Amino acid sequence: MLDLQFIRENPDLVRTAIKNKNKEGIDLDRLLQLAEERKAAAGEVSDINRKRNEAQAARDAEAGKNLKEELRAAEDKYQQIEKELVSILIKIPNIPSADTPVGPDESGNVVVREWGEKPQFNFEPKAHWDIGRDLGVIDSEKAAEVSGARFTYLKGDLALMQFALVQLAMSVLTSREELAKIIQEKGLSVSDKPFIPVLPPVMMRSQVMNRMARLDPIDERYYYEKDDLVFVGSAEHTMGPLHMDEAIAEERLPIRYIGYSTAFRREAGAAGKDTRGILRQHQFDKLEMESFAKPEDGLAEQELFVGVQERLMQLLGIPYQVLLICTGDMGGPDHRQFDINSWMPGQNTYRETQTSDYMGGYQARRLNTKIKRQDGTSEPVHMNDATAYAIGRTLIAILENYQQADGSVTIPEALRPYLGGREKMEKVII
RNA sequence: GGAGGAGUGGCUGAGUGGUCUAAAGCACCGGUCUUGAAAACCGGCGUGGGGCAACCCACCGUGAGUUCGAAUCUCACCUCCUCCGCCA
């Protein structure tokens with residue numbers, strides 16, 4: 001949610017953001033009108049309350065009764081205005097950053113960096129679903145019988161590799177030295193404060209998900225109505241509210257978390273898309289970074305996040321591109337968004353493996369997470385979230401980039417210590 | 001799942017229908033005193049909305065209700081604690 005005062009002072013900026021983010025249909029003029037009406041209605045309520053307090057002090061029962069009716073009517077009117085106002089306000093997207101390219105859809109995204117050499121094969125590289133089936137490490141058929149489409153059993157070394165990725169990522173993110181190296185390479189001036197590892201809940205109240213601006217579209221969420229609980233689509237959803245209704249002292253920032261959790265997505269709008277393999281699953285595991293920073297540090301904090309993402313892919317030797325996402329393709333709550341697309345030779349294309357969202361104060365405003373400044377003032381904290389490893393997609397990149405002519409897969413060096421020092425994945429024999 | 005208890009400012013905690021405009025203490029900030037600090041004393045010290053301002057309004061877990069009047073009474077919900085049951 002944007003600050004209403006900001007919207008009133010910068011209607012043109014907001015109008016442009018709505019247009020460039022393809023969110024037409026939001027009635028900004030109505031919102032501005034409602035803001036005025038709400039102010040008037042609030043004044044009315046406050047006026048009646050004052051008279052009512054006077055009547056009570058005088059023990060004037062008659063006047064009190066009348067004022068009670070008046071108050072009820074005035075409050076109803078206020079509530080009605082408030083309800084409509086909020087319904088429009090929460091639809092208004094965040095303002096894109098100055099360096100965000102304007103574009104209609106993903107065609108407007110800009111490749112800002114590329115890293116790595118695409119592997120050369122003297123054979124036709126296979127897609128991960130074939131490699132995984134042949135090695136016995138991906139079982140989609142039995143999973144389909146047991147759970148349905150978009151579910152998978154991961155077995156053997158692929159299952160072990162998941163834990164290897166978790167450990168590798170944790171070892172980088174919890175190390176002040178590793179972060180300092182990234183900061184230095186990128187020439188950033190941000191804190192080298194390590195990330196705090198978190199295992200968050202995977203179910204949450206729908207109300208809190210709503211405050212994260214992530215409940216809609218509800219069709220994308222698994223929702224357990226009986227208990228009013230939503231299954232998270234990312235650890236971001238439960239880590240973002242870690243400080244809701246708190247005012248964090250300025251000197252404690254930044255606060256950084258690295259969360260590991262399963263993510264659940266209905267993929268409602270993706271029927272028939274990426275149905276083979278494990279790219280688009282109803283359930284997958286993911287390491288997610290989340291941080292709370294001072295507004296003046298927010299953009300640099302995001303650059304650190306992207307730097308961490310790059311380091312994590314470099315450690316695996318996976319070629320990637322860093323994309324700056326354009327207005328038409330970025331998320332509504334984002335101020336700036338980067339994606340990392342990794343090379344997947346089996347599909348002869350780059351696919352999204354990581355994303356980095358800088359929200360500014362957009363989420364924090366509704367979560368009521370504030371900074372308490374040393375001078376006593378307060379303002380919404382600035383929030384960043386970004387993928388560390390989306391495990392499934394990272395496993396795809398490893399399988400496809402490290403495949404060999406004989407059908408085996410080499411284990412990336414950085415992961416070998418976590419897989420018994422082995423150089424090659426073993427075939428699963430049942 | 002069952003029974004009982006409790007939610008009040010940053011913290012502790014008083015308040016069971018009307019000067020509550022929420023006591024008191026701690027913490028914090030400013031001042032006096034001091035070479036400096038501590039102690040002592042004096043003053044300040046929540047959030048949001050409106051107003052140029054004096055000031056006004058709202059907020060005692062959340063929401064509804066009773067009453068001229070609710071922190072206080074009623075109902076629902078949420079959270080925490082204790083006990084019982086079940087359980088990795």
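Letters A, B, ... mirror the listed sequences (proteins, then strands); counts begin at 1. Being a predicted model, the structure only gives us computed values, none of them experimental.
- Atom name C1', nucleotides B:A22 and B:A76: the rounded distance is 27 Å, in whole Å.
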Would you list the atom pairs, donor with acceptor, under 3.5 Å between side chains in residues 293-300 of chain A and any protein atom, with sequence neighbours excluded?
unit_1	atom_1	unit_2	atom_2	d
A:Glu296	OE1	A:Arg373	NH2	2.9
A:Glu296	OE2	A:Arg373	NH1	3.1

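- The six-membered or imidazole ring of A:His243 lies near that of A:Tyr257, with a centre-to-centre distance under 6.0 Å.
- Applying a 4.0 Å cut-off to non-hydrogen atoms, the residues of residues 43-53 of chain A that approach RNA chain B are A:Ser46, A:Asn49, A:Arg50, A:Arg52, A:Asn53, listed by residue number.
- With hydrogens and angles left out, the side-chain atoms of A:Asp228 and A:Tyr223 include a donor and acceptor closer than 3.5 Å.
- Across all strands shown, the partner of B:G30 is B:C42, judged by Watson-Crick or G-U wobble contacts whose two distances both fall under 3.5 Å.
- Comparing B:G85 with B:A14, their C1' atoms sit 38 Å apart, to the nearest whole Å.
- Taking only side-chain nitrogens and oxygens, A:Lys39 never comes nearer than 4.0 Å to OP1 or OP2 of B:G49.
- Distance noted for atom C1' between B:A71 and B:C20: 9 Å (whole Å).
- In terms of phosphate contacts, A:Arg205 brings a side-chain nitrogen or oxygen within less than 4.0 Å of OP1 or OP2 of B:U79.
- Rounded to whole Å, the distance from CD on A:Glu69 to P on B:U66 is 10 Å.
- Mapping A:Gln79 and A:Lys68 onto RNA chain B by nearest heavy atom places A:Gln79 closer to the 5' end of the strand.
- Here the separation of B:G15 from B:G61, taken at their P atoms, is 15 Å to the nearest Å.
- For the P atom pair drawn from B:U82 and B:G31, the interatomic distance equals 46 Å after rounding to whole Å.
- Mapped onto RNA chain B by nearest heavy atom, A:Gln56 and A:Gln5 fall at different nucleotides, with A:Gln5 at the one closer to the 5' end.
- With hydrogens and angles ignored, the 3.5 Å screen pairs a side-chain donor or acceptor of A:Arg266 with a backbone N or O of A:Asp219.
- Judged by distance alone, with hydrogens and angles left aside, the side-chain atoms of A:His335 form a donor-acceptor pair with the main-chain N or O of A:Ile95 at under 3.5 Å.
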